[in-house]
Amino acid sequence: MTRTHALRLSGAVLACAVTAGSLAGCDSSSTKTAASSSASAPTSKSPSSDPDQAAKDKVLAAYTNMREIQIKMAADGDLHTEELAKYARGDAATDLKKSVLRNESMGIKFTGRPEMKPQVTAVDTKGKTATVTDCFDATSWKPVYKDSGKELKLAEQRLKYPVTSQATLEGDTWFVTKITADRTKGC
């Protein structure tokens, strides 16, 4: 592999990793649905004085479940579109699908898991919008070549960075609609 080709491939994978880290899940007719049931946000044990707590719990559950599907997609290269549609719409879903397809075309998958610390920082039930902030840590989430299992060496990059996501209420269901990663900062 020439140095130029290696640099281009490394840059393309970096772009995919950034996109994957900043996005949310997807797929179609897969039978693997464990993520949706195992990744629900914790519920409060005592009644909350926050009138928006129920909405915050639902937003956090949508975000967390979306991320679980994203991790699964990055590991198996499948587009879990039906599962994703339960938690993400718009740019979030589209960008993640593109990232998975890009990685698949280059023979790359991800192993391990990212660490996340999401919290709902704003919710407007009347305006049907919410914001989730997260510290996304991809230190243990590694791109590898599918055929060899060999880890892909990337140029120096920030692996722990803040992510801000927007969610929208449709009917009584919250969907993540946009995810923005800021790799210029750490968290």
Side-chain angles (χ1 to χ4, degrees), residues 1-27 35 39 41 59-60 62-81 83-84 87-122 130-167 176-187:
M1 179 182 305
T2 68
R3 178 173 167 77
T4 302
H5 181 75
L7 288 173
R8 283 185 187 150
L9 179 61
S10 188
V13 171
L14 173 60
C16 291
V18 169
T19 302
S22 67
L23 299 178
C26 62
D27 174 45
V59 171
L60 191 58
Y63 179 85
T64 303
N65 285 320
M66 176 199 70
R67 286 295 193 182
E68 287 299 319
I69 294 166
Q70 174 190 1
I71 293 165
K72 182 169 34 172
M73 289 171 43
D76 65 23
D78 290 334
L79 295 178
H80 298 270
T81 305
E83 287 178 78
L84 178 62
Y87 309 108
R89 300 270 168 93
D91 291 345
T94 300
D95 290 345
L96 183 60
K97 290 175 189 178
K98 286 179 182 177
S99 176
V100 171
L101 292 172
R102 239 184 334 257
N103 286 339
E104 182 68 20
S105 73
M106 292 187 292
I108 296 168
K109 69 176 186 173
F110 280 73
T111 61
R113 289 184 62 81
E115 292 183 28
M116 297 162 276
K117 297 178 183 168
Q119 56 184 335
V120 178
T121 53
T131 303
V132 178
T133 58
D134 193 358
C135 180
F136 193 88
D137 184 352
T139 305
S140 298
W141 201 34
K142 307 286 184 189
V144 298
Y145 291 105
K146 281 185 171 186
D147 292 340
S148 67
K150 183 178 177 183
E151 187 175 326
L152 184 64
K153 297 296 180 193
L154 301 174
E156 278 296 313
Q157 61 179 315
R158 189 177 305 275
L159 296 175
K160 189 174 180 181
Y161 48 89
V163 175
T164 303
S165 301
Q166 302 304 314
V176 179
T177 54
K178 185 170 181 152
I179 301 171
T180 305
D182 185 353
R183 284 187 168 254
T184 64
K185 301 177 187 173
C187 58

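Values reported hereafter were calculated over all heavy atoms of this structure, with side chains retained and with hydrogens, waters and symmetry mates removed. From a predicted model like this one, the values you see are computed outputs, not experimental measurements.
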Run Val176 and Tyr87 through side-chain contact (heavy atoms from CB on, under 4.5 Å) and show every step you take. CA-CA 6 Å; Val176 179; Tyr87 309 108; 5.9 Å; no
Apply side chain to side chain donor-acceptor pair (under 3.5 Å) to Thr184 and list each qualifying residue two or more places apart in sequence or on a separate chain. Asp182
Side chain proximity check, Lys160 to Cys187, heavy atoms < 4.5 angstrom: yes
The criterion is side chain to side chain donor-acceptor pair (under 3.5 Å); which residues satisfy it with Arg158, sequence neighbours excluded? none
Closest approach of Val100 to Asp78 (non-hydrogen atoms, all atoms of both residues): CG1-O, 4.2 Å
Can you list the residues that meet the side-chain contact (heavy atoms from CB on, under 4.5 Å) rule with Glu151, with sequence neighbours excluded? Lys142, Val144, Lys153
For Thr121, check side chain to side chain donor-acceptor pair (under 3.5 Å) against everything at least two apart and list the hits. none
Should Met116 and Ile71 be marked as a side-chain contact (heavy atoms from CB on, under 4.5 Å) after you check the CA-CA gap, both sets of side-chain angles, and the distance that decides it? CA-CA 12 Å; Met116 297 162 276; Ile71 293 165; 4.0 Å; yes
Hey, mind stepping through Asp95 and Ile179 against side-chain contact (heavy atoms from CB on, under 4.5 Å) and telling me if it holds? CA-CA 9 Å; Asp95 290 345; Ile179 301 171; over 6 Å; no
Okay, side chain of Asn103, backbone of Ile108: is any donor-acceptor separation there less than 3.5 Å? no
Compare all side-chain heavy atoms of Asp134 with those of Lys117 and state whether any distance is below 4.5 angstrom. yes
For Ala138, all residues meeting side-chain contact (heavy atoms from CB on, under 4.5 Å), sequence neighbours excluded: Phe136, Trp141
With rounding to the nearest 0.5 angstrom, report the CZ to OH distance, Arg183 to Tyr161. 4.0 Å
Ser140 OG to Arg113 CZ distance, which is reported to the nearest 0.5 Å: 10.5 Å
For the residue pair Ser165 and Tyr63, what are the closest heavy atoms and their distance? OG-CE1, 3.3 Å
Taking C-beta and beyond as the side chain, do Val163 and Arg67 meet within less than 4.5 Å on heavy atoms? yes
Can you name the side-chain contact (heavy atoms from CB on, under 4.5 Å) partners of Glu104, sequence neighbours left out? Lys146
Would you say Thr94's side chain and Gly90's backbone share a donor-acceptor pair under 3.5 angstrom? yes
Sequence neighbours left out, what passes side-chain contact (heavy atoms from CB on, under 4.5 Å) with Thr164? Give chain and number order. Thr131, Thr133, Gln166
Is there side-chain contact between Glu68 and Met73, with heavy atoms separated by less than 4.5 Å? no
